[in-house]
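Down below is the structure, laid out as structure tokens.
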Amino acid sequence: MKNLALLASGSGSNVQNIANHFAKNPEVNISLVITNNPKAGVIERCKNLDIPLIYLSKVGFSNENTLLNTLRGFSIDLIVLAGFLLKIPDGLVKAYPNKIVNIHPALLPKFGGKGMYGMHVHRAVKEASETETGISIHYVNEHYDQGALIFQAKTPVDTQDTPEDIATKVQALEAEHFPKTIETLLNA
Ligand code: GAR
């Protein structure tokens with residue numbers, strides 16, 4: 001049995017995709033979802049999916065002991081940032097070497113770093129007149145969006161695409177590739 005912890009701040013479409021993917025797999029258990037956002041859509045999704053959800057404030061998240069204590073006891077094999085917007089404290093990175101992965105909605109190293117999340121990324125891609133964008137799945141290290149790349153997938157950006165159109169294309173790539181990549185990592 002492999003145990004996943006998911007960290008999420010937003011609507012939770014990635015949490016939903018991951019839960020759907022592993023729903024019929026008795027070898028993979030989503031032990032818990034942790035959110036920093038008391039208004040996040042992911043909370044309702046966790047209720048519907050019957051996944052334990054823990055809320056931690058921004059202060060709670062910045063304290064590595066709080067996080068480590070929260071995760072302790074779940075025998076977590078992989079921590080997945082599924083639309084998570086806060087910096088991961090260094091102590092957590094050290095406690096879970098190469099066991100924390102993030103999905104970023106662009107082709108890193110482009111359009112990464114602090115403040116680059118969600119629609120901010122897609123607007124920046126549009127403003128830069130990029131002809132392609134995509135997703136990057138990478139290990140988490142001490143720096144925002146700079147850990148070793150695991151997987152990337154691309155999609156074309158057409159000149160008439162709005163940032164919302166770009167978001168839709170990127171979400172399709174996330175749904176197609178993120179759960180499968182997590183499965184590959186768990187089986188490695
Ligand atoms: C996703 O597109 C994810 O790639 C992005 O936030 C969105 C969350 O959507 N993550 C980042 O921007 C991290 N820097 P969701 O809440 O519906 O899964």
Side-chain angles (χ1 to χ4, degrees), residues 4-23 30 32-49 51 53-56 58 61-62 78-89 92-93 100-128 130 132-155 157 161-183 185:
L4 287 176
L6 311 183
L7 274 53
S9 309
S11 88
S13 68
N14 280 286
V15 167
Q16 182 83 50
N17 295 337
I18 295 163
N20 292 349
H21 182 82
F22 291 114
I30 302 176
L32 79 168
V33 172
I34 313 179
T35 188
N36 64 305
N37 178 1
K39 296 189 179 144
V42 72
I43 295 172
E44 188 64 25
R45 289 192 200 258
C46 284
K47 276 187 205 150
N48 295 334
L49 289 162
I51 300 173
L53 177 108
I54 290 175
Y55 163 75
L56 286 183
K58 196 173 177 183
F61 263 107
S62 64
L78 194 67
I79 298 173
V80 176
L81 311 191
F84 186 66
L85 306 185
L86 298 181
K87 177 111 171 25
I88 297 299
L92 195 73
V93 175
I100 311 177
V101 297
N102 179 44
I103 186 156
H104 187 78
L107 296 171
L108 291 173
K110 284 183 168 181
F111 307 105
K114 192 166 165 41
M116 274 298 189
Y117 59 87
M119 287 306 297
H120 296 284
V121 176
H122 307 310
R123 280 189 215 109
V125 166
K126 173 77 186 169
E127 273 161 30
E130 293 289 302
E132 63 179 14
T133 188
I135 59 169
S136 301
I137 299 169
H138 65 94
Y139 289 109
V140 171
N141 68 7
E142 286 83 355
H143 307 286
Y144 265 115
D145 299 327
Q146 287 183 25
L149 277 171
I150 299 165
F151 177 87
Q152 288 186 309
K154 293 178 183 175
T155 182
V157 177
D161 279 349
T162 64
E164 289 73 21
D165 295 329
I166 297 171
T168 301
K169 290 179 172 180
V170 167
Q171 279 156 8
L173 290 180
E174 292 182 345
E176 185 181 351
H177 297 290
F178 199 25
K180 280 190 217 159
T181 303
I182 292 166
E183 186 166 10
L185 292 173

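Scope of the values below: all heavy atoms of this structure, side chains included, with no hydrogens, waters or symmetry mates. Both counts, for ligands and for their atoms, begin at 1 and track the order of listing.
- Under a 4.0 Å N-O distance rule, the pair Asp161/Lys169 qualifies as a salt bridge.
- Closer than 4.0 angstrom to ligand 1 by heavy atom are Gly10, Ser11, Gly12, Ser13, Asn14, Gly83, Ile103, His104, Pro105, Met116, Tyr117, Gly118, Glu174, sorted by chain and number.
- In terms of heavy-atom proximity, Ala19 sits nearest to Ile30 at CA-CD1, 3.6 Å.
- Sorted by first and then second residue, the salt bridge (charged side-chain N to carboxylate O under 4.0 Å, His left out) pairs involving residues 101-110 (not counting sequence neighbours) are Lys110-Glu130.
- Aromatic pair Phe111/Tyr117: centroids not less than 6.0 angstrom apart.
- Side-chain contact check for Thr155 versus Glu132: every heavy-atom pair is 4.5 Å or farther apart.
- Judged by distance alone, with hydrogens and angles left aside, the side-chain atoms of Asp145 form a donor-acceptor pair with the main-chain N or O of Gly113 at under 3.5 Å.
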